[in-house]
Amino acid sequence: MRSNRKVAILVIAASFIFSNSISVDGAYAQQSASEDIQDEIVVIGKKLSTVKFDFKVTNKGEVKKCELTKPSGDPDIDALPCKVVATCSIGGFKKRKQLLDCMSSEWKASVRSLAERRLNTAS
């Protein structure tokens, strides 16, 4: 079970690097901002792909354990895994696949939010 979790984590992290698409409506300023966000998402995704963590959640949604076993060294990125686990555990789930599907979606939203926050702070 633990190796499946590691594979799921790597697949989720890799999705930031390879499957995020840029939506550009033709305006240069919007294209530039969109490209900046995309670039930041790639940077975060690469760092996130080095992170390893372990978690246990009951079917009722109780997080029994969530800990980093290999942090990235970036506090914002290191906070993401347990935030995602906690968010997706709320309300419980019937099958582990439901939790993993939620986590995949939540990863994308959390990374995009972090990228936007970092770019807004830098400007």
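These numbers come from the heavy atoms of this one structure, side chains and all, not from hydrogens, waters or symmetry mates.
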Asks: So, the side chain of S104 versus the backbone of D101: is there a donor-acceptor pair under 3.5 Å, distance only?
Replies: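 The answer is no, because no donor-acceptor pair under 3.5 Å joins these two groups.
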Asks: Locate the shortest heavy-atom distance separating S89 from L99; write the atom from each residue and the value.
Replies: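 That closest heavy-atom pairing would be OG-CD1, 4.1 Å.
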Asks: Spell out, as yes or no, whether a donor-acceptor pair under 3.5 Å connects the side chain of E116 to the backbone of S113.
Replies: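 The answer is no, because no donor-acceptor pair under 3.5 Å joins these two groups.
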Asks: Distance check, rounded to the nearest 0.5 Å: T50 atom OG1 versus K70 atom NZ?
Replies: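 With rounding to 0.5 Å, OG1 (T50) is 5.5 Å from NZ (K70).
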Asks: Output side-chain donor-acceptor pairs under 3.5 Å for residues 71-79, partner residues at least two apart or in another chain, one line each.
Replies:
{"from": "S72", "atom 1": "OG", "to": "D74", "atom 2": "N", "distance (Å)": "3.0"}
{"from": "S72", "atom 1": "OG", "to": "D78", "atom 2": "OD1", "distance (Å)": "2.8"}
{"from": "D74", "atom 1": "OD1", "to": "D76", "atom 2": "N", "distance (Å)": "3.0"}
{"from": "D74", "atom 1": "OD1", "to": "I77", "atom 2": "N", "distance (Å)": "3.4"}
{"from": "D74", "atom 1": "OD1", "to": "R118", "atom 2": "NH2", "distance (Å)": "2.7"}
{"from": "D74", "atom 1": "OD2", "to": "R118", "atom 2": "NH1", "distance (Å)": "3.3"}
{"from": "D74", "atom 1": "OD2", "to": "R118", "atom 2": "NH2", "distance (Å)": "2.6"}
{"from": "D76", "atom 1": "OD2", "to": "R118", "atom 2": "NH2", "distance (Å)": "3.4"}
{"from": "D78", "atom 1": "OD1", "to": "S72", "atom 2": "N", "distance (Å)": "2.7"}
{"from": "D78", "atom 1": "OD2", "to": "G73", "atom 2": "N", "distance (Å)": "3.2"}

Asks: Determine the minimum heavy-atom distance between A86 and V63, stating which atoms define it.
Replies: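 Result for this residue pair: CA-CG2, 4.2 Å.
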Asks: Measure the CG-CZ distance between L48 and F53 for me, rounded to the nearest 0.5 Å.
Replies: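 Atom-to-atom, L48:CG and F53:CZ are 8.5 Å apart.
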Asks: Could you measure the distance from the CD atom of Q38 to the CD atom of E35? Nearest 0.5 Å is fine.
Replies: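 Q38 atom CD to E35 atom CD measures 9.0 Å (nearest 0.5 Å).
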Asks: Starting at OG1 of T58, measure out to NZ of K64 and round the result to the nearest 0.5 Å.
Replies: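 T58 OG1 to K64 NZ: 6.5 Å, rounded to 0.5 Å.
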Asks: Say whether, by atom type as modelled, one donor and one acceptor occur between the side chain of S105 and the main chain of C102 under 3.5 angstrom.
Replies: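 Not at all, since once roles are kept as given, no pair shorter than 3.5 Å links the two residues.
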Asks: Say you draw a straight line from CD of E40 to CZ of R117; how long is it, rounded to the nearest 0.5 Å?
Replies: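 So the gap between those two atoms works out to 10.5 Å.
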Asks: CZ of F55 to CE of M103: how many Å apart, nearest 0.5 Å?
Replies: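 Answer for the CZ-CE pair, F55 versus M103, is 4.0 Å.
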Asks: I'd like to know if V43 and L80 are part of one continuous hydrophobic network [Ile/Leu/Val/Met/Phe/Trp/Tyr, side-chain heavy atoms within less than 4.5 Å].
Replies: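 No.
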Asks: Applying side chain to side chain contact (heavy atoms under 4.5 Å, CB included), name anything that partners T87, two or more places apart in sequence or on another chain.
Replies: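 For T87 the side chain to side chain contact (heavy atoms under 4.5 Å, CB included) partners, ignoring immediate neighbours, are K83, E106.
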